[in-house]
Number of protein chains: 4
Amino acid sequence: MPLSKLFCKQDASVAVKRERRKEARPGELLDAALDLFVEKGFAATRAEEVAARAGVSKGTLFLYFQSKEELLKAVVRENISGRFKEWNDEFLKFEGNSTEMLTYCMNIWWDRVGATKASGITKLMMSEAKNFPEIAAFYQQEVIAPGQALIRRILQRGIDRGELRALDLDYAVYTIVAPMMFLILAKHSAGVCVINAADLDPKKYIATQLSAILHGLSTAADGSSPDKEKKST
Amino acid sequence: MPLSKLFCKQDASVAVKRERRKEARPGELLDAALDLFVEKGFAATRAEEVAARAGVSKGTLFLYFQSKEELLKAVVRENISGRFKEWNDEFLKFEGNSTEMLTYCMNIWWDRVGATKASGITKLMMSEAKNFPEIAAFYQQEVIAPGQALIRRILQRGIDRGELRALDLDYAVYTIVAPMMFLILAKHSAGVCVINAADLDPKKYIATQLSAILHGLSTAADGSSPDKEKKST
Amino acid sequence: MPLSKLFCKQDASVAVKRERRKEARPGELLDAALDLFVEKGFAATRAEEVAARAGVSKGTLFLYFQSKEELLKAVVRENISGRFKEWNDEFLKFEGNSTEMLTYCMNIWWDRVGATKASGITKLMMSEAKNFPEIAAFYQQEVIAPGQALIRRILQRGIDRGELRALDLDYAVYTIVAPMMFLILAKHSAGVCVINAADLDPKKYIATQLSAILHGLSTAADGSSPDKEKKST
Amino acid sequence: MPLSKLFCKQDASVAVKRERRKEARPGELLDAALDLFVEKGFAATRAEEVAARAGVSKGTLFLYFQSKEELLKAVVRENISGRFKEWNDEFLKFEGNSTEMLTYCMNIWWDRVGATKASGITKLMMSEAKNFPEIAAFYQQEVIAPGQALIRRILQRGIDRGELRALDLDYAVYTIVAPMMFLILAKHSAGVCVINAADLDPKKYIATQLSAILHGLSTAADGSSPDKEKKST
DNA sequence: CATGAATGAGGTTTCATTCAT
DNA sequence: TATGAATGAAACCTCATTCAT
């Protein structure tokens, strides 16, 4: 965890002395900050609360982070570190058909991201992007772009294998992205997406969405070409 | 020094000092508030800014709205709550099949809500719900619940007419809701949903989503029952 | 009631036109102001409340009184107008002994001042004197000084007639003043003088005080000279 | 620009910047608050003024007291509430007769309360009671009630010992309370009680009042029963 | 390194006062 | 004259940030 790079810029030359839990401090603060920023929003979270939850004093927080804004940036950077490379490799090796692949993909994504604290970052970015264009750009570059690229490759693979229809990938990616995004927001913005978020079973939600995405809700599995509808718009 | 000078553009010819327009004020303030709340967030918007954009002074705002929070409630009421009844009536009269209905429904929703300023409220609520539980409850009751009920009725109608598969409505509604929500968020949270929001053609997005939702992305329009996949979860 | 003199200074030359209830307005405002200032204090009373209670609009109040402070001054001036001359004459004619005179005096004072709204002025002055030295001086000159002079004459008369002990009038006046003042404050500052102000019967209070003042609480009506105690200080 | 410079006089030699004196702060703030509240009234005193007089900044005040109102409560507690127990004990031990006791009592009260800054609280409560019912209730319970109870016990003791007439204590207490209250008000509401407050010698005032209360102003120390007057009302 | 007392800019809200009608 | 919509100074209180210890 090379966190030190992120905040210690001016005093890189300082000799390292006592190392009790010094190294752990920034991480604890980032964890606390993520929790609180997601839970209460950035503006509504007081710096002292973050410090308290991390078990340190207010002053210590500002020892590690120049400002509350810098703390937010660090939180985002820390929690979106490129896991995409490993996933990409993993998916490259995957041998099932597209149905299996997308099913595996969405479920594994929920287990590894959606169900974890990291999913709060999405909510956080959505709320604060306007106020922090710099980290929004960073987030787009580090998360959105690789994420969409990954999904495009999966869809392209399906098309190439003749398992998926010929899709305009620029729009088809959102068929996969939108349900995932919505699930995260439902989890973190209780009430404004879903009536009772606690009652929503993520796995069943994913299954339902996959079923629709792959085979449609329609009973017309016969001759009625799916392309017909496009014209009716 | 009246701040109004800084913002009023349309009536630069008038000697704008203490115009008395009791009727028009609330509407102007609500418009200004919607713009700013969506643009900067509720907490980050100062009451004085809202007043200035409406071309009045700080004090005038509090003449019409008891508090900043009450102003937000009024914004929600003004832009969403009152419109469900007419939509409901409209959809009840619709005579086409489910494909036509959902297509009509999503497109008309985009034209009347998604493409308008009112769509910013969704984003707004998502960001501020945690901090203003009272408003969140109000929004859930006035917007989320009626909206989902409307979609459930449309899906149920399709099932009853044999046009849609037998669906678990508790989960199927999100097949419709998620893409709509995502489209709004893409519009208002530039960058954190979509790479380049400006390039996303809403109508084409809706068409793609509808095509997927209704008929699936899969080429397997044959014997492969859509129910099979559920087991693979 | 030559109230006009009090507020109309700059436009005394203006011709008098329509006289509906114009003349009565200032008086109604002063009445309302007295009530509210006494009830809630000067600072806590809003100008609009005064106007509302007088049945006019906020603007009208400022038509008659230059400012809220001027209104207060007018209230005080209006309600302490020299009733002392008539009382003085009345007391000059009184023919009873000192006990009868003081008894009559305190009771009549309660009936004519203490029990009326005018008594609120005392409370008002006490609270606001520091903030309005000008009217405090006015009040002292118009009320305190004549009041004390009156009491001094009554006591002096008693001494001259041999009914009262030889008193140092500079201090003896307060033997009469203090109980009266306390009674008014008990009435207007509920709770901070008396536990339950409503239970205090003014006439019984006055009788008790008079009994003490005139004859003492002590049973030692015998040889123990009242002057003895003075030495023990 | 630290306002403290404007008020701090005693420590001009110290480079007064950010002195840390957690222990001393509350006391300094309470002293400053008492002074200003008494001098200008509660509502008219700005929180920042209190802080400035205590030599700290606005924020520091709210570090120690949740609100301005809470500060007032603390002022009352600090200066009055806690002292009744010791006084009560002291008076229980007193062995003189009622004349001696009341004389001792009123003089000691003046020395310990009346002559000190604490006496300003009485005036303060009188002015603000209506606007802060919670504080008024607190004051009644903590100060008025115990104070009256103490005086009742003293009078009852005198009656039991045959030194005082059979009194209706519900009214007789005010024979003692009223002069004390008046003396305080004379001191703090200069001009509206007494012509020239500076000329009033408290000790002489108390002696005069005691003399009257105990033995009466009347020369009729003979057979004329003090009860006669009651009928003449 | 760590603390937490101290700071003060900044936000919401109130209300005396003005002025166009 | 009378109105009441509009104004904006000022008050309370919060909290990010600093700095003496």
Side-chain angles (χ1 to χ4, degrees), chain A residues 14 16-22 25 43-51 56-69 71, chain B residues 1-4 15-23 25 43-49 51 55-69 71, chain C residues 14 17-22 25 43-51 56-69 71, chain D residues 1-4 15-23 25 43-49 51 55-69:
Chain A
V14 175
V16 266
K17 289 187 177 179
R18 318 161 252 181
E19 279 132 325
R20 279 172 303 186
R21 251 187 322 161
K22 210 182 347 178
R25 281 286 148 74
T45 300
R46 286 171 21 219
E48 190 162 17
E49 286 178 279
V50 176
V56 299
S57 75
K58 211 179 346 177
T60 302
L61 190 157
F62 287 93
L63 213 58
Y64 287 103
F65 303 94
Q66 281 183 11
S67 70
K68 201 180 153 192
E69 297 204 357
L71 174 62
Chain B
M1 56 200 85
L3 284 175
S4 49
V16 274
K17 274 206 171 182
R18 288 171 161 269
E19 256 184 307
R20 291 164 68 105
R21 295 186 300 146
K22 192 186 181 183
E23 310 299 295
R25 289 294 186 232
T45 300
R46 287 178 309 139
E48 190 161 16
E49 286 179 279
V56 298
S57 75
K58 207 181 358 172
T60 302
L61 190 158
F62 290 97
L63 205 61
Y64 292 99
F65 302 94
Q66 280 185 8
S67 68
K68 202 179 152 193
E69 202 163 330
L71 173 63
Chain C
V14 175
K17 288 188 177 178
R18 319 161 251 181
E19 281 132 325
R20 280 171 304 185
R21 251 186 322 160
K22 212 181 347 177
R25 281 285 147 75
T45 299
R46 284 170 23 217
E48 191 162 17
E49 286 179 280
V50 176
V56 299
S57 74
K58 212 179 345 177
T60 304
L61 189 158
F62 287 93
L63 213 58
Y64 287 103
F65 302 94
Q66 281 183 10
S67 69
K68 200 180 155 194
E69 297 204 356
L71 174 61
Chain D
M1 54 199 87
L3 285 174
S4 49
V16 275
K17 273 205 169 180
R18 289 173 162 266
E19 256 184 308
R20 291 164 69 105
R21 295 186 300 144
K22 192 186 182 184
E23 311 298 296
R25 288 295 184 230
T45 300
R46 287 178 311 139
E48 191 161 14
E49 286 179 279
V56 299
S57 74
K58 206 182 0 174
T60 303
L61 190 158
F62 291 98
L63 205 62
Y64 292 99
F65 302 95
Q66 280 185 8
S67 68
K68 201 180 149 191
E69 203 162 330

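Below, read A as the first sequence line, B as the second, and so on, with proteins coming before strands; counting in each chain starts at 1.
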- Note on the structure: Scanning both residues in full, the closest heavy-atom pair of C/Ala43 with D/Ala43 reads CB-CB, 4.4 Å
- So which one's nearest nucleotide on DNA chain E is more toward 5', D/Arg25 or A/Val56? A/Val56
- Distance in angstrom units between A/Lys68 NZ and F/dT18 P, rounded: 14 Å
- Message: For the OG1 atom of B/Thr60 and the NZ atom of B/Lys58, what is their distance to the nearest 0.5 Å?
- Response: 11.0 Å
- C/Glu49 CD to E/dT14 P, straight-line distance once rounded to whole Å: 13 Å
- Which dot-bracket string describes DNA chain F (Watson-Crick N1-N3 plus N6-O4 or O6-N4, or G-U N1-O2 and O6-N3, all under 3.5 Å; [ ] crossing; | other strand)? .||||||||||||||||||||
- Message: Please report the distance, rounded to the nearest Å, between CD in C/Glu69 and C1' in E/dT17.
- Response: 13 Å
- Task: Could you identify which residues of residues 57-67 of chain D place a heavy atom less than 4.0 Å from some atom of DNA chain F, listed by residue number, or say none?
- Result: D/Lys58, D/Phe62, D/Ser67
- Task: Quickly work out the B/Arg46 CZ to E/dG10 P distance and round it to whole Å.
- Result: 9 Å
- Task: Taking only the side-chain heavy atoms of C/Ala47 (C-beta and beyond), determine which of F/dC15, E/dT7, E/dT17 contains the nearest atom.
- Result: E/dT17
- Note on the structure: Output for pair (D/Phe62 CZ, D/Gln66 CD), nearest 0.5 Å, gives 11.0 Å
- Task: Please list, chain by chain and in numerical order, all residues satisfying side chain to side chain contact (heavy atoms under 4.5 Å, CB included) with A/Ser67, sequence neighbours excluded.
- Result: A/Glu69, A/Glu70
- Message: Using every non-hydrogen atom in the two residues, find where C/Thr45 and C/Lys68 come nearest and quote the distance to one decimal.
- Response: O-NZ, 2.9 Å
- Round to a whole Å and report the spacing from CD of C/Glu48 to C1' of E/dT14. 12 Å
- Task: Mind listing the closest non-hydrogen atom pair of D/Ala44 and D/Glu49 along with its distance?
- Result: O-OE1, 3.8 Å
